[in-house]
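Each ligand, and each atom within it, is numbered from 1 in the order the structure gives.
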Amino acid sequence: MNLPSTIQLHDLSTGYRSRREEKVISQHLELAIAPGEVVMLMGPNGSGKSTLMHTMAGLLPPLSGEVIISGKPLSSLKMKELARLLSLVLTERIPAGNMSISDIVAVGRYPYTGFRGSLRPEDKAVIHEALRACHLDGMQERLYSTLSDGEKQRVMIARALAQETPLILLDEPTAHLDLPSRLEVTTMLRTLARSLGKSILISTHELDLALGWADTIWLMDREGKVTASAPEDLILDGHIERVFGAPTLSYDRERGEFSIRQSGEKKICLRGEGLRYIWTSRALQRLGYEVCPSTGAYPEVELSDEGWVLLLPSGSRSVYPSITALLQALP
Ligand code: ADP
Ligand code: MG
């Protein structure tokens, strides 16, 4: 898979320059995205994700270095040329007035028609296809203002698709969405990258989403430094914990999630297997227990056919029908 990159960042430094000072956010970035690749730009709030996105989209001048899009320096591209290479989806709600879904998606055709240009049959076909890809067919006459957040986000993605660019940048596209809509938008973007060969960059501060769905993560730390790799490497080498961790949180590398750091004062032994073992173990950890192999010195829970059997060091033995009942009985 050695296709030429859709976008390359060469020694790119981002930030804000005013007459009095220069505020550097990220320095010396060397990054690229291949066709068909989904990259998630992940980092804590305020680390510099939007700053990087805006710089890549030509909305903010780089402090130094270069952005190359489809082989051409961004700084050499005219607005209309750039609009045929890159589309940008921002989180800010747009004041859409009385615009319908199809009106908004049609805006994506402006690099080809001009703002006042009327739509040709081929433009209409592209709009139709974008609506279909975003599961909006049949809804095109609905007013944008009447849509749910998830539907609005799909409309903005359809607009970006109608722009027919090899590169799509989306800044926190799932920020206002509930869990099913977040997954729907994310998996839809992945399908689009695969089927149309588009390069897609999605910024997010949502760890689980990025770890589950990105081909590559650009992990941005609080200093604006970016590490690019497969999600799994970032878990294995402890990067995720370093960037998102806190003294009270520990990252469980097997489960891929943060939990409250256990004090190790409360121990319990758990014997059993399968799904019941996994979820009982989670419940015990949530209550602050460190779950360890059987030793006899601590309370012990055994998963049997009867239910959850609690054995205390005193020798008492009780059986509970559920995790709820077990937790209530624990010391
Ligand atoms: P993120 O998108 O990761 O939450 P941002 O890129 O929005 O982070 O912000 C990164 C840093 O840049 C923050 O410290 C923020 O205060 C600063 N910043 C954002 N916009 C501007 C601006 N227009 N001028 C100066 N500093 C800014
Ligand atoms: Mg941001």
Exercise for review: Kindly determine whether Leu41 and Asp171 satisfy side-chain contact (heavy atoms from CB on, under 4.5 Å), including the steps that lead there.
Suggested key: CA-CA 9 Å; Leu41 170 58; Asp171 195 6; over 6 Å; no
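- Screening residues 199-218 for salt bridge (Lys or Arg N to Asp or Glu O under 4.0 Å), with sequence neighbours left out, gives Arg182-Glu206, Arg182-Asp208, Arg194-Asp215.
- Residue Leu90 is grouped with residue Leu52 when hydrophobic side chains (ILVMFWY) are merged at heavy-atom distances under 4.5 angstrom, including chains of intermediate members.
- If you chain together hydrophobic residues whose side chains sit under 4.5 Å apart, Val291 and Leu312 fall into the same group.
- A salt bridge does not link Glu223 with Lys225: none of the charged nitrogens is closer than 4.0 Å to a carboxylate oxygen.
- Between the side chains of Thr14 and Thr51, no donor-acceptor pair of N or O atoms lies under 3.5 Å.
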In a simple table, one pair per line, please give the protein and ligand 1 atom names for every N or O pair closer than 3.5 Å, along with the distance.
unit_1	atom_1	unit_2	atom_2	d
ligand 1	2 (O)	Ser50	N	2.9
ligand 1	2 (O)	Ser50	OG	2.9
ligand 1	3 (O)	Ser47	N	3.3
ligand 1	3 (O)	Gly48	N	2.9
ligand 1	3 (O)	Lys49	N	2.8
ligand 1	3 (O)	Lys49	NZ	2.9
ligand 1	4 (O)	Gly46	N	2.7
ligand 1	6 (O)	Ser50	N	3.4
ligand 1	6 (O)	Thr51	N	2.9
ligand 1	6 (O)	Thr51	OG1	2.5
ligand 1	8 (O)	Gly48	N	3.2
ligand 1	20 (N)	Tyr16	OH	3.1
ligand 1	26 (N)	Lys23	NZ	3.2

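- A donor-acceptor contact closer than 3.5 angstrom is absent between the side chains of Gln328 and Thr324.
- A salt bridge links Glu129 and Arg132; the closest N-O separation between the charged side-chain nitrogens and carboxylate oxygens is under 4.0 Å.
- Below the 2.8 Å limit, the Mg ion (ligand 2) has as protein N, O or S neighbours Ser50 OG.
- Remark: Thr186 engages no residue in a side chain to side chain donor-acceptor pair (under 3.5 Å) (not counting sequence neighbours).
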